[in-house]
Participant: 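Structure in structure tokens, see below.
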Amino acid sequence: MLTPKTRLRLQEIIDRIAAAEPVSLAERIYVQKFADRDPTVWSWLRRARRAQVQGTPREGLDRFLAQMDLGEVGPEGAFDPRRDDLGEWFSGAPGWLRRS
């Protein structure tokens, strides 16, 4: 459970990531520490990275998909059918998801 102060700090950093504004390495490590342990923070960070890479769609199906956090952030996360093991595809997932 996040304290209100921690949540506000995380959201401020994540908002800067989404807006492609400067974020220090220490701040990125701070956010990643929480994202590795908390699915909500992981989702916030994923949405911010998507907004940074693709921008935020204003209308239509693209906006809906972005708000639902569906699909991949970039081409590096896309499924590669040449991989034999589906578990390898999830190797970059946070620990709480890999344990599922």
Side-chain angles (χ1 to χ4, degrees):
M1 184 107 188
L2 300 173
T3 65
K5 182 179 177 181
T6 302
R7 181 184 54 79
L8 290 173
R9 182 168 182 223
L10 288 169
Q11 287 178 329
E12 185 267 328
I13 295 168
I14 290 172
D15 287 344
R16 286 192 285 135
I17 291 171
E21 295 175 2
V23 178
S24 72
L25 178 60
E27 290 173 324
R28 288 182 184 268
I29 291 170
Y30 180 76
V31 170
Q32 190 63 50
K33 178 179 80 169
F34 285 96
D36 288 342
R37 294 185 180 101
D38 190 326
T40 303
V41 177
W42 180 76
S43 177
W44 293 343
L45 184 57
R46 189 173 149 88
R47 288 180 185 173
R49 288 181 179 152
R50 180 189 317 277
Q52 183 182 34
V53 171
Q54 299 173 348
T56 305
R58 296 180 188 255
E59 59 185 36
L61 186 58
D62 290 335
R63 180 178 180 180
F64 174 72
L65 291 174
Q67 289 175 339
M68 294 299 295
D69 194 27
L70 297 174
E72 295 300 326
V73 174
E76 70 278 351
F79 178 68
D80 183 0
R82 295 175 294 199
R83 291 186 183 174
D84 294 332
D85 185 15
L86 188 60
E88 288 179 23
W89 188 52
F90 287 102
S91 65
W96 60 266
L97 182 61
R98 285 192 303 261
R99 292 188 302 266
S100 299

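Residues take their numbers from the sequence shown, with the count starting at 1.
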Participant: Check whether Ile13 and Val41 end up in the same hydrophobic cluster, where Ile, Leu, Val, Met, Phe, Trp and Tyr are linked by side-chain heavy atoms less than 4.5 Å apart.
Facilitator: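 Shared cluster, yes.
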Participant: Within a strict 4.5 Å, meaning less than it, do heavy atoms of the Leu2 and Thr40 side chains meet?
Facilitator: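 No, every pair of side-chain atoms sits at 4.5 Å or beyond.
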Participant: Would a hydrophobic clustering, with Ile, Leu, Val, Met, Phe, Trp and Tyr connected at side-chain separations under 4.5 Å, put Leu10 with Ile17?
Facilitator: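 In one cluster: yes.
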Participant: Are Trp42 and Trp44 joined in one hydrophobic group, where the rule is that I, L, V, M, F, W and Y side chains link up if heavy atoms are under 4.5 Å apart?
Facilitator: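 No, separate clusters.
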Participant: From Arg7 CZ over to Gln11 CD, what is the distance, rounded to the nearest 0.5 angstrom?
Facilitator: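 Atom-to-atom, Arg7:CZ and Gln11:CD are 5.0 Å apart.
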Participant: Does the side chain of Leu45 come within less than 4.5 Å of Arg49's, by heavy atoms?
Facilitator: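 Side-chain contact under 4.5 Å: yes.
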Participant: Which pair of heavy atoms, one from Arg37 and one from Pro39, lies closest together, and at what distance?
Facilitator: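 Looking at all heavy atoms of both residues, the shortest contact is O-CD, 4.0 Å.
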Participant: For Thr6 versus Tyr30, what's the shortest heavy-atom pair and its separation?
Facilitator: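 Nearest pair, atom of Thr6 first, then Tyr30: CG2-OH, 3.5 Å.
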Participant: How far does CD of Gln52 sit from CZ of Arg16, to the nearest 0.5 angstrom?
Facilitator: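 Rounded to the nearest 0.5 Å, the CD-CZ separation comes out at 12.0 Å.
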Participant: Between the side chains of Asp36 and Gln32, does any donor sit under 3.5 Å from an acceptor?
Facilitator: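 Side-chain D/A pair, Asp36 to Gln32: present.
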